[in-house]
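The next block holds one structure in the form of structure tokens; read it before the comments.
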Number of protein chains: 2
Amino acid sequence: MKKTIFVFGLLIIALLLLFQLSKYAMISGNLNFEITIAIIAVVFFFVGIYINKKSLHKRKIASTEINHQKIKDLEISKREYEVLQAISEGLSNKEIAYKLFLSESTIKTHVSSLLIKLNAKRRTQALQIAKDFNII
Amino acid sequence: MKKTIFVFGLLIIALLLLFQLSKYAMISGNLNFEITIAIIAVVFFFVGIYINKKSLHKRKIASTEINHQKIKDLEISKREYEVLQAISEGLSNKEIAYKLFLSESTIKTHVSSLLIKLNAKRRTQALQIAKDFNII
DNA sequence: AGTGGTTTGGTACTTTAGTATGAACAGTTT
DNA sequence: AAACTGTTCATACTAAAGTACCAAACCACT
């Protein structure tokens, strides 16, 4: 967040400098009008692209990147989260147990607490909720 | 595609008009320098945002749109597809039956054929496979 | 050294999911 | 008309998922 403010500050300063520079260059007759306008246009065109990419990138992160804070808020532990990921891969409890070197009853324990924490009745519902929360 | 070319053509014409307009306004002394520069800057800033949004939007659609051809290739019927969507919402067979005004055993029939067609052993695995195929 | 949270695992049970098979009906195609 | 496909539903069964309750072991903390 501090970085964003810093970058934007620099950007505004750079633009003001460009503004003044082009003005004086024009007045002193070193630069003709079309070139000045063109430079301004190109610079602001790329500034527009840059700003837009930044904001879209953030939105993209929000919609596809994992919300680790939400995982903490829901008090989902490491093991439970591993089980949740395995469920999203379509594995059965037995397969998850084999993958994580655990017994099936341990997996059932984890699944049950996951369902409670996600307020779901089934594993498929848990998946849907987890996707809504951007935690898988 | 034709539409895109048309829009870009219009955009370029509008910009050239703006360019000429600002030039004559400047020369005739109706507009001072700062305002001209500011208008150009603002216009190109938004043009940059617009173009960037267009290109990003296309990419976004391409990665999330449903592959209807794949559904046909897998020979998944309308009803089966409705059931698949309901499964992805985390519903149980009973809930799906209620939603579609069918009996639970009908849903089981549909689910079974879905599992065969998607080559899945469980509904959760069917979801994962369906997502891979971009059909949900 | 005890507290609290996590992880692990067990038993016994209920519920849900999934399979197999058969059957009736509607609409489409050959 | 006959064959085909999709949809509907039933019964009977097995497998998997999920609940409830308990308990031991571990780890980090202070």
Side-chain angles (χ1 to χ4, degrees), chain A residues 66-133 135-136, chain B residues 66-133 135-136:
Chain A
I66 287 160
N67 187 344
H68 296 284
Q69 189 54 49
K70 190 71 188 173
I71 299 173
K72 279 177 195 161
D73 291 349
L74 292 169
E75 296 180 316
I76 292 173
S77 69
K78 273 155 286 158
R79 270 313 209 193
E80 285 164 357
Y81 187 64
E82 288 181 278
V83 172
L84 180 60
Q85 287 178 313
I87 290 173
S88 79
E89 290 167 16
L91 303 181
S92 69
N93 289 339
K94 200 173 284 181
E95 288 167 342
I96 297 170
Y98 181 79
K99 186 182 178 181
L100 300 180
F101 306 105
L102 296 174
S103 80
E104 195 185 338
S105 78
T106 304
I107 304 302
K108 285 188 177 184
T109 306
H110 289 322
V111 171
S112 284
S113 18
L114 269 173
L115 295 182
I116 292 169
K117 289 173 182 177
L118 288 170
N119 195 27
K121 284 173 190 162
R122 283 164 293 283
R123 49 171 60 208
T124 46
Q125 197 181 2
L127 286 179
Q128 186 254 310
I129 293 169
K131 256 156 217 151
D132 265 14
F133 286 159
I135 61 176
I136 52 170
Chain B
I66 285 160
N67 187 347
H68 296 284
Q69 189 54 49
K70 190 69 188 176
I71 298 173
K72 279 176 196 161
D73 290 349
L74 291 169
E75 295 181 316
I76 293 172
S77 69
K78 273 155 285 158
R79 270 312 209 196
E80 285 164 357
Y81 187 64
E82 288 182 277
V83 171
L84 180 60
Q85 287 178 312
I87 290 174
S88 78
E89 289 167 18
L91 303 181
S92 69
N93 289 338
K94 200 173 282 180
E95 287 167 342
I96 297 170
Y98 182 80
K99 187 181 179 183
L100 301 180
F101 306 103
L102 297 174
S103 79
E104 194 184 339
S105 75
T106 304
I107 304 302
K108 284 187 179 187
T109 306
H110 289 321
V111 171
S112 285
S113 20
L114 269 174
L115 295 183
I116 291 168
K117 289 172 183 177
L118 288 171
N119 194 29
K121 285 173 189 164
R122 281 163 294 283
R123 48 170 65 208
T124 46
Q125 197 181 3
L127 287 179
Q128 185 254 309
I129 292 169
K131 257 156 217 152
D132 264 15
F133 286 159
I135 61 175
I136 51 170

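Below, each value reflects all heavy atoms present in this structure, side chains not excepted, and no hydrogens, waters or symmetry copies.
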**Message:** Starting the side chain at C-beta, find the nucleotide from dA10(D), dG10(C), dT8(C) nearest to Ser103(B).
**Reply:** dA10(D)
**Prompt:** Given atom NZ of Lys72(B) and atom C1' of dT5(D), what is their separation to the nearest angstrom?
**Reply:** 17 Å
**Message:** To the nearest 10°, give me the bend of the helix from dA1(C)-dT30(D) to dT30(C)-dA1(D), comparing the axes of its five terminal pairs at either end.
**Reply:** 50°
**Message:** What's Ser77(A) touching, base or sugar-phosphate or nothing? Going by heavy atoms closer than 4.0 Å.
**Reply:** sugar-phosphate
**Asked** Which pair of heavy atoms, one from Leu74(B) and one from Phe133(B), lies closest together, and at what distance?
**Response** CD1-CD1, 3.7 Å
**Message:** If I take atom NZ in residue Lys108(B) and atom P in nucleotide dT16(C), what distance separates them, rounded to the nearest angstrom?
**Reply:** 10 Å
**Asked** Taking OP1 and OP2 of dT8(C), is either one under 4.0 Å from a side-chain nitrogen or oxygen of Thr109(A)?
**Response** no
**Request:** Let me know the distance between CG of Leu114(A) and C1' of dT7(C), rounded to the nearest Å.
**Result:** 13 Å
**Asked** Does any N or O donor sit under 3.5 Å from an N or O acceptor when you compare the side chain of Ser105(A) with the base of dG10(C)?
**Response** yes
**Message:** Any salt bridge linking Glu80(B) with Lys117(B)? Criterion: basic side-chain nitrogen under 4.0 Å from a carboxylate oxygen.
**Reply:** yes
**Request:** Using a heavy-atom cut-off of under 4.0 Å over every strand shown, decide if Ser92(B) touches base, sugar-phosphate, or nothing.
**Result:** sugar-phosphate
**Request:** Could you check which of dT8(D), dA16(D), dT7(C) has an atom nearest any side-chain atom of Thr106(B)?
**Result:** dT8(D)
**Message:** Just the rounded figure in Å: distance from C1' of dT8(D) to CD of Glu82(B).
**Reply:** 14 Å
**Asked** CG of Asn93(B) versus P of dG18(D): gap in Å, rounded?
**Response** 12 Å
**Asked** Side chain of Arg79(A), backbone of His110(A): donor and acceptor closer than 3.5 Å?
**Response** no
